[in-house]
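In what follows, chains are A, B, ... by sequence order, proteins preceding strands, each numbered from 1. What's counted below: heavy atoms across the whole structure, side chains too, no hydrogens, waters or symmetry copies.
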Amino acid sequence: MRISKKFFTRDVLEVAPDLLGKFICRKFKDGSIQRNFIVEVEAYRGEEDMACHARFGKTRRNQVMYEEGGKIYVYLIYGMYWMLNIVTGGKADPQAVLIRGVEDLTGPGRVGKWLLLDKSFYGEDVTTSKRLWIEQGSIFGKFFVKQTSRIGVDYAGEWAKKPWRFVLVERRK
DNA sequence: ACAAAGATCCGT
DNA sequence: CGGATCTTTGTA
């Protein structure tokens with residue numbers, strides 16, 4: 001079952017950890033569907049968050065973050081990698097979750113490459129899209145959630161220290 | 001109009 | 001540790 005709007009319109013700090021273990025579902029051009037559960041995410045929260053793309057206010061690139069939760073925010077980084085984010089919160093409340101890793105595929109650049117993302121996904125809605133959506137996961141007692149600071153945002157000063165990265169770690173023995 | 005940096009990854 | 005590769009953004 002596809003996860004619906006209400007899930008994504010909550011605050012990003014609730015949505016981000018809740019996305020762990022959920023399936024990211026992608027229907028490719030040939031009709032095949034891949035489902036991989038999410039193992040690593042980061043929360044970016046509002047204009048005051050100096051690590052967030054909304055820190056300069058609304059711009060051409062980040063405008064979709066100001067929409068209601070559920071929209072897809074993709075952008076190209078280092079001229080090579082498409083980063084996948086899902087917008088959260090209400091309208092005019094710029095927040096998003098960066099999907100940094102799915103099962104067997106760690107690293108946001110690798111996720112985008114595997115899902116064959118590009119500019120055309122910008123602004124699409126995971127609650128209605130025919131090619132990218134989220135489904136309830138089936139992870140029970142095997143993992144626990146580890147919280148750390150966000151990766152690659154040293155420019156953000158004190159905000160870089162916020163424990164807004166969430167990772168699923170396999171419980172051992 | 002220009003320069004600089006970037007929510008990264010890979011090979012050496 | 002440096003190169004790839006190009007868009008976005010601040011500054012003038």
>> Tell me the interatomic distance from Glu40(A), atom CD, to dA7(B), atom C1', rounded to whole angstroms.
In response: 11 Å
> Taking all atoms of both residues into account, what is the closest heavy-atom pair of Gly69(A) and Thr9(A), and its distance?
Replying inline: N-CG2, 4.2 Å
> Would you say the side chain of His53(A) lies within less than 4.5 Å of the side chain of Thr59(A), judging by non-hydrogen atoms?
Replying inline: no
> Tell me, do Glu170(A) and Phe144(A) make a side-chain contact under 4.5 Å, heavy atoms counted?
Replying inline: no
> Base, sugar-phosphate alone, or nothing: which one does Ala51(A) contact when heavy atoms must sit under 4.0 Å apart?
Replying inline: base
> Could you state the OH-C1' distance from Tyr75(A) to dT8(C), rounded to the nearest angstrom?
Replying inline: 12 Å
>> If you compare all heavy atoms of Ile3(A) against all heavy atoms of Lys22(A), which two are closest, and at what distance to 0.1 Å?
In response: CD1-CD, 3.2 Å
>> Could you tell me the Watson-Crick or G-U partner of dT5(C), where both distances fall under 3.5 Å? Say none if there is no partner.
In response: none
> If you measure from the P atom in dG2(C) to the same atom in dA5(B), how many Å do you get, rounded?
Replying inline: 15 Å
What does the list of N/O pairs under 3.5 Å between the protein and nucleotides 9-12 of chain C look like, with a distance for each?
from, atom 1, to, atom 2, distance (Å)
dT9(C), OP1, Thr59(A), OG1, 2.8

Please enumerate all protein N or O atoms sitting under 3.5 Å from an N or O of nucleotides 1-5 of chain B, with distances to 0.1 Å.
none

>> Strictly by Watson-Crick or wobble contacts shorter than 3.5 Å, is anything paired with dA7(B), and which nucleotide is it?
In response: none
> Should the pair Arg131(A) and Phe121(A) be classed as cation-pi, given the thresholds of under 6.0 Å to the six-membered ring centre and 45° from the axis?
Replying inline: yes
>> How many whole angstroms separate atom CG of Asp118(A) from atom P of dT7(C)?
In response: 13 Å
> Any salt bridge between Arg55(A) and Glu47(A), counting N to O under 4.0 Å?
Replying inline: no
>> With a 4.5 Å cut-off on side-chain heavy atoms, are Leu117(A) and Tyr81(A) touching?
In response: no
Pick out the pairs of N or O atoms, protein on one side and nucleotides 8-12 of chain B on the other, that lie under 3.5 Å.
from, atom 1, to, atom 2, distance (Å)
dT8(B), OP1, Arg100(A), NH1, 3.2
dT8(B), O3', Gly109(A), N, 3.4
dC9(B), OP1, Gly107(A), O, 3.3
dC9(B), OP1, Pro108(A), N, 3.0
dC9(B), OP1, Gly109(A), N, 2.8
dC9(B), O4', Tyr81(A), OH, 2.9
dC10(B), OP2, Arg110(A), NE, 3.1
dC10(B), OP2, Arg110(A), NH2, 2.3

> With the threshold set at 4.0 Å, does a side-chain nitrogen-carboxylate oxygen contact exist between Asp49(A) and Arg150(A)?
Replying inline: yes
>> By the definition side-chain contact (heavy atoms from CB on, under 4.5 Å), identify the one residue from Val167(A), Ile151(A), Val41(A) that meets it with Arg100(A).
In response: Ile151(A)
> On the ring face of Phe8(A), is Arg10(A) found with NZ or CZ under 6.0 Å from the centre and within 45° of the axis?
Replying inline: no
> Any side-chain donor-acceptor pair under 3.5 Å between Glu124(A) and Tyr122(A)?
Replying inline: no
